[in-house]
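Down below is the structure, laid out as structure tokens.
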2 protein chains.
Amino acid sequence: MLKILTCIDRVPIFSTLSPASVNKVHSIAHHRHYEVGETVFTTGDAVDYLMVLISGALRLSRTNKNGREQIIRELGPGEFYGELALFAELQAEGDLYAIAATDVCMMERKAMQEVLRDSPQVAWSLLGAMANRLAEAERLIANLSLLDVTERLVAELLRLAETGEATASGVRFTLPITWAQLATKLGTTPESLSRRLKQLNHNGLVTTDGRHVHLLNLKALQDILDDA
Amino acid sequence: MLKILTCIDRVPIFSTLSPASVNKVHSIAHHRHYEVGETVFTTGDAVDYLMVLISGALRLSRTNKNGREQIIRELGPGEFYGELALFAELQAEGDLYAIAATDVCMMERKAMQEVLRDSPQVAWSLLGAMANRLAEAERLIANLSLLDVTERLVAELLRLAETGEATASGVRFTLPITWAQLATKLGTTPESLSRRLKQLNHNGLVTTDGRHVHLLNLKALQDILDDA
DNA sequence: CGAGCTGTTGACTTCCATCAACTGTTGTGG
DNA sequence: CCACAACAGTTGATGGAAGTCAACAGCTCG
């Protein structure tokens, strides 16, 4: 009981539910826990539920025959997967696995459809989340196709810098993932990323110590993007 | 008056509207026409409306400083742009232009929000459309990053083949766009595409005459993808 | 200690974009 | 009606960005 209450409690998209709807969600929600590295599903598995994260993090990625992996999206608390399953039987295209200890709420398709019809607010929340994700996906498409590795790296560093702390000369932050994982997100390899980073360092734009990153010249970094 | 009626009439996502909502949509919808090649907006323009296509086709793309263009998505009748604008002020990231004579309905943000709150059916329709578009975008991400040009070409040819007519030896269809435009969709250049196509031809898998395409060996083509 | 993981560096290779030239077609206006 | 411009597509030559392969250093952990 507690865990199901938690389920609804901690998920923003359900924050506006009426008491009646809360009961309905109660009755259809299944709780599930995943450990780091645990697989939720792999390519080809049937998905017929909407999955909302309570805590932790999941990663959706695809891998080709050469073992090359592309991270498609990452899900944090409050985010969800399975929106397409609300509308049709769905074969997963990609692998979903936990990159942190993760708790999720799983809602079956049909029951969730009812909740959505009764609760425009929830539909509205979903719509907003989807619109943002679509915009992000389309930005990634453009970046992969139009920017070289250096430019994609700089773009990501500047993005991460927004969460960092300002210093006299620039911004300092700690990379939340390994450099190899960042390479996979950016659609490149650890080797290439390492070389590009070395070059930025050589040009006096960035210093790194492990995952600790210091951007020394935000303006110059921004310029790299602007002439892209 | 006629054109506004047409607006709602011919757009599937509004097919379930109640009479009251129909009136509301009437009052907020602006009709607009674009000729081939005409620009709807370019990168950085403010977008504060939802735009639904009645007929024609629009293309959303981004171009980098070298003139390299990536097609992000194409919109046909019934499809829409501006979903993100429903939630926030939005700077367009990319250029939107007409690739056919096009009629659209434009709905201002605030008014559209009301319609959505009152009409769960419309929200549901939008949700379904968005979910599909997101899935498509994520497929494109994976393809751009994991497949080489030949594989992306074959994938697209097989997709197009679904709309073609079967022949003794395979499937025949006509390319709906120029080869150069296809190259842009696939994130490559006309030159590269031409070479890959020549190679497929040489291997006896495909013949072409202008935009007329004949796939001679679906199984072999599918194999190329399966080993990817 | 040794195993395993993260990250780096060097040598090599390959795919593909770019540049340039050329063909064939279409359409337009003098 | 022809000439010429504009565009679609092809082909060859070339260069460069980045992926691959391999070896190695440093770190952590059992």
Side-chain angles (χ1 to χ4, degrees), chain A residues 36-37 62-71 99 142-157 174-203 206-214 224 227-228, chain B residues 36-37 62-71 99 142-157 174-202 206-213 224 227-228:
Chain A
V36 181
R62 287 187 62 172
T63 304
N64 73 2
K65 66 163 186 304
N66 303 324
R68 213 175 140 62
E69 179 186 11
Q70 174 66 48
I71 295 175
I99 55 177
N143 286 350
L144 284 174
S145 164
L146 300 174
L147 304 184
D148 64 24
V149 171
T150 298
E151 290 161 345
R152 302 206 292 274
L153 170 57
V154 168
E156 184 69 10
L157 290 178
T174 300
L175 202 68
I177 54 179
T178 69
W179 288 103
Q181 287 171 344
L182 182 61
T184 300
K185 272 179 82 163
L186 298 179
T188 182
T189 59
E191 294 96 324
S192 287
L193 198 63
S194 175
R195 285 183 238 274
R196 298 303 109 203
L197 201 52
K198 185 185 181 183
Q199 185 192 326
L200 290 177
N201 179 16
H202 184 259
N203 293 349
V206 174
T207 60
T208 60
D209 175 24
R211 294 186 200 166
H212 199 67
V213 182
H214 194 180
I224 291 177
D227 347 316
Chain B
V36 181
R62 287 185 61 172
T63 305
N64 73 3
K65 67 164 183 303
N66 303 323
R68 214 176 138 62
E69 180 186 10
Q70 174 65 50
I71 296 175
I99 55 177
N143 285 350
L144 283 174
S145 163
L146 300 174
L147 303 184
D148 65 25
V149 172
T150 298
E151 291 161 345
R152 301 207 291 274
L153 170 57
V154 169
E156 184 69 10
L157 290 177
T174 300
L175 202 66
I177 55 178
T178 69
W179 288 103
Q181 288 172 343
L182 182 61
T184 300
K185 273 179 81 165
L186 298 180
T188 183
T189 59
E191 294 95 323
S192 287
L193 197 64
S194 174
R195 284 183 239 274
R196 298 303 109 205
L197 200 53
K198 184 185 181 183
Q199 185 192 325
L200 290 176
N201 179 16
H202 184 259
V206 174
T207 60
T208 61
D209 176 24
R211 294 186 200 166
H212 199 68
V213 182
I224 290 177
D227 318 338

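In what follows, chains are A, B, ... by sequence order, proteins preceding strands, each numbered from 1.
- In terms of phosphate contacts, Thr189(B) brings a side-chain nitrogen or oxygen within less than 4.0 Å of OP1 or OP2 of dA17(C).
- Taking 4.0 Å as the cut-off between side-chain N and carboxylate O, Glu151(A) and Lys65(B) count as a salt-bridged pair.
- Within the nucleic acid shown, Asp148(B) comes within 4.0 Å of sugar-phosphate atoms alone, with no base atom in reach, counting heavy atoms only.
- Closest to the Ser192(A) side chain, of the nucleotides dG12(D), dA18(D), dG9(D), is dA18(D).
- Residue Gly187(B) is in sugar-phosphate contact alone, with no base atom involved, counting any heavy-atom pair closer than 4.0 Å across all strands shown.
- Counting atom types as modelled, Arg195(A) pairs no side-chain N or O with a base atom of dG7(C) as donor and acceptor under 3.5 Å.
- With salt bridges taken as basic N to acidic carboxylate O contacts below 4.0 Å, none links Arg196(B) and Glu191(B).
- With rounding to whole Å, Leu144(A) atom CG is found 18 Å from dA17(D) atom P.
- The OG1 atom of Thr189(B) sits 13.5 Å away from the CD atom of Glu69(B) when rounded to the nearest 0.5 Å.
- Side-chain proximity of Glu191(B) to the nucleotides dG7(C), dT18(C), dT20(D) is greatest for dT18(C).
- Distance Leu186(B) CG to dC16(C) P: 12 Å, rounded to the nearest Å.
- Side-chain atoms of Lys198(A) lie closest to dT9(C) of the nucleotides dT20(D), dT9(C), dT10(D).
- In this structure, Leu193(A) places its CG atom 10 Å from P of dG19(D), rounding to the nearest Å.
- The distance from atom CZ of Arg211(B) to atom C1' of dC7(D) is 11 Å, rounded to the nearest whole Å.
- Minimum atom distance to the side chain of Arg68(A) is reached by dT20(D), of the listed dT20(D), dT18(C), dT9(C).
- Checking dT20(D), dT6(C), dA17(C) against every side-chain atom of Thr178(A), the shortest atom distance belongs to dT6(C).
- Taking the side chain of Thr188(A) as heavy atoms from C-beta on, and the options dT8(C), dG19(D), dA17(C), the nearest nucleotide is dG19(D).
- Listed for the Gln70(A) side chain is a donor-acceptor partner under 3.5 Å among the backbone atoms of Lys185(A).
- One can place CD of Gln199(B) at 13 Å from P of dT11(D), the figure rounded to the nearest angstrom.
- In plain terms, the two heavy atoms of Ser145(B) and Gly187(A) that are nearest each other are OG-CA, 4.2 Å.
- The distance from atom NZ of Lys65(B) to atom P of dT18(C) is 11 Å, rounded to the nearest whole Å.
- A straight line from CG of Leu200(B) to P of dT10(D) spans 12 Å, rounded to a whole angstrom.
- For the pair Leu197(B) CG and dA8(D) P, the interatomic distance rounds to 17 Å; values are reported in whole Å.
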